[in-house]
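Everything on this sheet refers to the single structure shown next.
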Amino acid sequence: MPNDSVFDPKNQPVFTRVTNTFHTPGTIAPPETGAGKSGSLFISTATNSQNLNLLGGTVTISLQVSNPGGSGKTVYVSSFSGGTGISLSLLSSFSATATLVRGGTLTSPSAVAKTNTNFTSSNTSVMNVNSSTAAVTGGTPFLTLPLVAGQFSIEETGRIVVPPGQSIAMTVSASLSVAGILSSIANITWWEV
């Protein structure tokens, strides 16, 4: 009985499908892997939490990444994520949505930290990131999703491209019909080249 290599070399194929071999792995990593290793992957997060009165109410958070004109960089969106949190003792009517908007304006914006996901990298993002406790006004909404309580994630893997002079925003809005603590959370992950 021959003692053939277990790594399936190309000159003696055993399988007809791609095999993860030691010499020629068939594993493909998403572009975020390389962006993270090179110190070009960033994330920003914003949260709004309120203790609602007996009649309930709405809690909104918007997060916007703006690519300044003349930045020389292009933003590739990795993912949008976030969620809604509820703490209450009564049953109520709950509804929530996440909306993605091209462009738009934030009401009373506040600057948000931009964290490099490679903790050993000294690279900083050139993007302007702001949040607001109001929905984005203007702009072009291009995706709206109904949400249930809990977390969500929309993987884009670079399919949304934001050139210099443009921006992308996400609004997460949740409503309750009775008293309780309600929170809305928004995260945007991107890399820039």
Side-chain angles (χ1 to χ4, degrees), residues 7-10 13 15-47 61-84 96-104 106 109-132 136 139-148 150-172 184-193:
F7 291 112
D8 191 20
K10 289 182 182 179
F15 303 104
T16 58
R17 295 180 184 217
V18 173
T19 306
N20 255 346
T21 67
F22 177 75
H23 297 290
T24 56
T27 303
I28 299 172
E32 291 90 343
T33 303
K37 285 180 182 178
S38 68
S40 298
L41 187 67
F42 301 92
I43 188 166
S44 287
T45 186
T47 302
I61 191 70
S62 294
L63 184 61
Q64 184 176 55
V65 175
S66 300
N67 189 350
S71 70
K73 300 272 188 173
T74 300
V75 169
Y76 297 89
V77 177
S78 169
S79 67
F80 300 95
S81 60
T84 55
T97 59
T99 303
L100 303 181
V101 181
R102 176 183 175 188
L106 295 182
S110 298
V112 175
K114 304 165 282 192
T115 303
N116 189 323
T117 64
N118 181 339
F119 297 160
T120 62
S121 175
S122 61
N123 294 349
T124 57
S125 174
V126 298
M127 301 306 126
N128 296 320
V129 183
N130 291 292
S131 70
S132 173
V136 176
T140 306
F142 62 91
L143 179 68
T144 299
L145 297 171
L147 299 177
V148 295
Q151 65 185 20
F152 70 90
S153 181
I154 305 167
E155 299 298 321
E156 291 297 336
T157 320
R159 290 182 295 225
I160 296 179
V161 180
V162 184
Q166 304 253 345
S167 65
I168 184 98
M170 175 174 65
T171 297
V172 177
S184 295
I185 302 141
N187 308 296
I188 300 178
T189 306
W190 74 94
W191 72 90
E192 50 195 63
V193 183

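This is a predicted model, so every value here is computed, not measured.
Applying the side-chain contact (heavy atoms from CB on, under 4.5 Å) criterion to Val193, with sequence neighbours excluded, gives Tyr76, Trp191. The side chain to side chain donor-acceptor pair (under 3.5 Å) test applied to Ser78 returns Glu32, not counting sequence neighbours. Residues passing the side-chain contact (heavy atoms from CB on, under 4.5 Å) test with Thr117, sequence neighbours excluded: Leu41, Ile43. Every residue two or more places apart in sequence or in another chain was checked for a side chain to side chain donor-acceptor pair (under 3.5 Å) with Ser131, and none qualifies. Under the side chain to side chain donor-acceptor pair (under 3.5 Å) criterion, Asn130 pairs with no residue, sequence neighbours left out. Scored by the side chain to side chain donor-acceptor pair (under 3.5 Å) test, Thr120 finds Asn118 as partners (sequence neighbours excluded).
Between the Lys114 side chain and the Met127 main chain, a donor and an acceptor come within less than 3.5 Å of each other. One N or O on the side chain of Asn116 and one on the backbone of Gly39 form a donor-acceptor pair closer than 3.5 Å. A donor-acceptor contact shorter than 3.5 Å links the side chain of Ser121 to the backbone of Asn123.
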Sequence neighbours left out, cut at 3.5 Å: what donor-acceptor pairs do the side chains of residues 151-169 make with other protein atoms?
residue : atom : partner : partner atom : Å
Ser153  : OG   : Glu155  : OE2          : 2.7
Glu156  : OE1  : Arg159  : NE           : 3.4
Arg159  : NE   : Glu156  : O            : 3.2
Arg159  : NH2  : Glu155  : O            : 2.5
Gln166  : OE1  : Arg102  : NE           : 3.2
Gln166  : OE1  : Arg102  : NH2          : 3.2
Ser167  : OG   : Gln64   : NE2          : 3.3

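Note that the CG atom of Leu145 and the OG1 atom of Thr97 stand 9.0 Å from one another [nearest 0.5 Å]. Expressed to the nearest 0.5 Å, how far CG of Leu100 lies from OG1 of Thr171 amounts to 9.0 Å.
Taking both residues in full, the closest heavy atoms of Leu63 and Val129 are given as CD1-CG1, 3.8 Å, listed atom of the first, atom of the second, then distance. Taking all atoms of both residues into account, the shortest heavy-atom contact from Leu106 to Ser62 is CD2-CB, 3.8 Å. Scanning all heavy atoms of the two residues, the minimum distance from Ser184 to Ile61 falls at O-CG2, 3.4 Å. When all heavy atoms of Lys73 and Val126 are compared, the pair lying nearest together is CG-CG2, 3.6 Å.
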In sequence, state the C-alpha distance, the side-chain angles, and the governing distance for Ile185 and Val172, and then conclude on side-chain contact (heavy atoms from CB on, under 4.5 Å).
CA-CA 7 Å; Ile185 302 141; Val172 177; over 6 Å; no
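Ser44 has its side chain out of reach of Ile188: every pair of non-hydrogen atoms, C-beta onward, lies at least 4.5 Å apart.
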